[in-house]
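Working notes, beginning with the structure itself.
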Amino acid sequence: MVNKLTSIVMAIVAVAMLYMGGKLLLLGGSAFYALMAAGLLLAAILLFLNKRSALTLYALLMWITLFWTVWEVGFDKWQWIPRGDLFGLFGVWLALPWVVRPLTQRKFHPFLGSTVVIMIALVIGLCFYDPLPQQGTITNARAPSASTGAGNDWTAYGGSTNGQRFSSLNQITKDNVKNLEVAWTYHTGDLRKSDDATEYTFEATPLKANGMLYFCTPHNEVHALDPETGAVKWKYAPPQDRSYMQQHQTCRGVGFYDGSSAAAESSASQPAICRKRIFNATTDAQLVALDADSGKPCADFGQNGVVDLHANMGEVRPHALMQTSAPLVAGNLVIVGGSVMDNGFNRGNPSGVIRAYDVTTGRLVWNFDPANPEQTQPIAADAIYPQDTPVAWATLSADLKNGLVYVPFGNASPDEVGIERDPNSNTEKFRDALVALDLKTGAFKWRYQSANHDLWDRDNPSQPSLVDIDYQGSQQPAVILPTKTGNLFVLNRLTGQPIYPVNQVKVSTEGGVEGEKFAATQPVSSLNFIPQPLTEKAMWGITPFDQMSCRIDFHELRYDGNPWTPATEKGSLIFPGNFGVFNWGSVAVDPERQLLIAAPVRLAYKYNLIKRTPSTETERLFTKDGSPYWNENFHGDYAIHIQQFSSALGIPCIAPPWGRMVGVDLKTGKTEWLRRVGNTKNLNTTFLPGRFPIGFPMGMVAHGGPLVTAGDVVFHGATADNFFRAYDSTTGALLWQTELSAGAQATPSTFMGKDGKQYVVIAAGGHGSMGTQSGDSVVAFRLK
């Protein structure tokens, strides 16, 4: 009876596999699954007929599967899973005594039994082998650098205006980091509710200045804590305008201004009410100045502490203009870019103007408008900045010594449709361009375009990092620009000329939708983490069925083998997608050892363009589950549907790792080490109730930046598993980890407490779009 039931189950699986395998074969894919299905069906029939040859045949099928798996993916255990898990389970079951005895009158079938034992031994052996990590050592000795980062305090989003995410503190070292313990935990009380945006994220990097710790929450509250105890000093809580229509509900950081010095005081036209100030740029487009000591609005700044960033923007649709990144405080200026609702409307999107305000009065000092780059004097009170220009939503950086501001412009909405673009306009020239401006006047100095005619939402998402490097024996002042494509452009920050070589590679120019034009080439830096092109063999899943589904999708989607595949109505595979290889977390740079730490991501996406007609140009579009697309491009030629390339179970269709960490020697431009980061524990799954309970170290997506210190330690949260970890910056070895109560999709900071102890602090509140555990914690660590 057992064998009859087993044979029926095998036959059902074989028929389903034959259907999907046959479809895959007809699309030009692998013949393995169709042939395996035929063999499995034959074994099921023989088993039903009580033939012992069923066991021999199945053993042969297992060996064929093994050889095919090794041929396709070598000895990568994670890629063995969908190719062998189901077949392996059948093999173990068929080798059990109650199946074997009715067929052979013995408890053990020599061929099948030994095959199963060998296979189990192979799998156990693979548990101790990983072909991915690249072992290496960065040997650069520590030496003083003029481009230093943070010291005892952490006074700007990236540690300093250089944006390095580096601290010269070295009390915590790679030798004692294992002794870290929780010093305190603080709960903000600002939690997501049902009427909030889906993209509700706690991504703040706390500042330590003025003897306090400052950070903002998703609803733009600003909290000031005692750095050593976590006790609340003050809290600023503006009225909350909760709306699920907001595209982003986040605040990545605040800015700090110290106006207590005599020089700063004499530069103001009149004494400031607030000697030290905290600046917060909000999701409803307000620039708020608060007294750093009390949290009260600085009445002399704008209108009772607030500058309305809607000024001179013309008509702004609800939630179409927002600030998500920390404002840059440089000298006596506070400088902001902005963010708009991507792909909401074809026209009428707010300007991407960069504006610099006097830190004391809130007076507009200069503005850099991509449509009118030469007109940097403050705009007239009744004038309007031209709409639909590129925006810079990431935090800016500044070289205070040389008086330059670095603006990482992204795309202009709509991001994926360029039919109506004017190739000769200033808008096109500043699309995806790193731009250097004069700090005092906003005058244009130079630009470097990181993508040509971007049709994939390849914004420059990261704060640029400034560092002096000794590349191949020539010392140069550099700016490093991470991009969504995976390029790390290393440029001379005074001239904009590449320090590391950049090649223009030929890309696809045919296809796409009617009327669309494509750039003939795209820039590729010699330092890049552009993912290797996908093949059918790279498809993944956790069963043969979702892997076959991914393989079928791979063949049905357009994919040209590079990141610049045109989007189509039938569907295109874009790798990497708009999530990017790098995003707002940027990179960390140790200027004293001239090394770079980064956490590149590997995710693919499906892009579908949906033709708009006069009758549907204002029609709301919804997915099959009833949720809005959010990329509807009203009044445009096409709406855009973007979704992760994943199986029906929600599993990424591309094999892990999806997240890695790398160490680069900036003197040579060589990647010296590479490793996986993150595990599957706490992963939000659709195939299991709740969260995945086991932490398999596959390499998970990381959304947030690293911190590197003079103690040769890299601190990194960001991964989709609630863990906070420390690595050796020299080799990439994991040194310490701890599990937090929520996802730490944030960048940590570090400071020296008045108690003489070095603290490391990180926000742990989760990320709505990533599905990590939500919360409201800020957690500080110090040595025992």
Side-chain angles (χ1 to χ4, degrees), residues 136-177 207-209 258 261 330-331 397-404 406 439 463-480 488 490-495 499-500 527 586-598 663-670 672-673 705-715 726-732 747-753 756-760:
T137 301
I138 300 176
T139 58
N140 299 344
R142 190 168 298 283
S145 171
S147 57
T148 55
N152 288 341
D153 287 351
W154 190 275
T155 59
Y157 172 71
S160 69
T161 61
N162 287 338
Q164 294 173 349
R165 277 156 287 281
F166 168 76
S167 171
S168 60
L169 298 180
N170 59 6
Q171 186 180 95
I172 300 172
T173 69
K174 60 184 180 182
D175 296 319
N176 63 23
V177 68
L207 302 190
K208 195 269 186 172
D258 186 352
S261 67
S397 301
D399 182 340
L400 299 181
K401 178 182 177 181
N402 292 295
L404 294 173
Y406 299 92
L439 173 60
Q463 181 184 30
S465 298
L466 315 183
V467 61
D468 296 337
I469 63 173
D470 184 16
Y471 177 60
Q472 295 185 346
S474 175
Q475 189 166 4
Q476 296 194 51
V479 54
I480 301 173
L488 286 167
V490 183
L491 312 173
N492 184 300
R493 68 175 181 267
L494 302 183
T495 66
I499 296 175
Y500 289 7
L527 177 59
S586 196
V587 298
V589 175
D590 183 337
E592 297 177 355
R593 293 187 62 200
Q594 296 192 38
L595 61 83
L596 176 146
I597 306 297
V664 177
D665 182 347
L666 290 173
K667 290 185 176 182
T668 63
K670 181 182 177 183
E672 294 291 350
W673 57 260
L707 157 69
V708 64
T709 75
D712 296 327
V713 179
V714 178
F715 290 99
Y727 302 89
D728 185 337
S729 63
T730 299
T731 65
T747 303
S749 58
T750 186
F751 58 89
M752 185 66 73
K757 294 186 177 182
Q758 182 182 352
Y759 290 75
V760 179

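Computed from a prediction, not measured in an experiment: that's the story for all the values here.
Between W154 and G158 the shortest heavy-atom distance is CZ2-C, 3.7 Å. Heavy atoms only, all atoms of each residue included: Y727 and G732 are closest at CD2-O, 3.6 Å. The minimum heavy-atom distance linking D468 with Q594 is given by the pair O-CD, 3.9 Å. Here the shortest heavy-atom pairing between I480 and V467 reads CD1-CG1, 3.9 Å. Nearest heavy atoms, P748 versus V760: CB-CG1, 4.4 Å. Shown here for I597 and P706, the closest heavy-atom pair between the two residues is O-CG, 3.7 Å.
You'll find the side chain of L404 reaches within 4.5 Å of the side chain of L494, heavy atoms only. With contacts defined as side-chain heavy-atom distances shorter than 4.5 Å, the pair V589/F166 does not qualify. The shortest distance between side-chain heavy atoms of L207 and T155 does not fall below 4.5 Å. Here the side chains of T750 and F715 are not in contact, with every heavy-atom distance at 4.5 Å or above.
At distances below 3.5 Å, at least one donor-acceptor pair connects side-chain atoms of D470 with backbone N or O atoms of S474. Judged purely by atom type and a 3.5 angstrom limit, T161 has no side-chain atom pairing as donor or acceptor with the backbone of S397. A donor-acceptor pair is defined here as one N or O able to donate and one able to accept, closer than 3.5 Å; such a pair exists between the side chain of Q171 and the backbone of G756. Using modelled atom types, no side-chain atom of E672 and backbone atom of T731 make a donor-acceptor pair closer than 3.5 Å. Between the side chain of R593 and the main chain of N140, a donor-acceptor pair closer than 3.5 Å is present. Side-chain N or O atoms of R165 include none that pairs as donor or acceptor with a backbone N or O of V708 at under 3.5 Å. In this structure a side-chain-to-backbone donor-acceptor pair under 3.5 Å is missing from Y157 to Q463. Within the 3.5 Å criterion, the main-chain N or O of L666 finds a donor-acceptor partner in the side chain of Y500. Formation of a donor-acceptor pair under 3.5 Å by the S465 side chain with backbone atoms of V479 is not found in this model.
Sorted by first and then second residue, the salt bridge (Lys or Arg N to Asp or Glu O under 4.0 Å) pairs involving residues 144-153 (not counting sequence neighbours) are D153-K208.
Remark: N402 CG to L439 CG distance equals 11.0 Å, nearest 0.5 Å. Atom OH of Y406 is separated from atom CG of D399 by 4.5 Å, given to the nearest 0.5 angstrom. Taking OG1 from T137 and CG from D665, the interatomic distance works out to 11.5 Å, rounded to the nearest 0.5 Å. Atom-to-atom distance recorded for R493:CZ and L466:CG is 5.5 Å, nearest 0.5 angstrom.
With K174 as reference, D728 is the one residue of V714, D728, T709 to meet the side-chain contact (heavy atoms from CB on, under 4.5 Å) rule.
With sequence neighbours left out, K667 forms a salt bridge (Lys or Arg N to Asp or Glu O under 4.0 Å) with no residue at all.
Ring orientation note: the planes of F751 and Y759 are close to parallel, at an angle under 30° on the 30°/60° scale.
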Problem - Stepwise side-chain hydrogen bond (donor to acceptor under 3.5 Å, both in side chains) test for E592 and S168 - result: CA-CA 9 Å; E592 297 177 355; S168 60; 5.4 Å; no
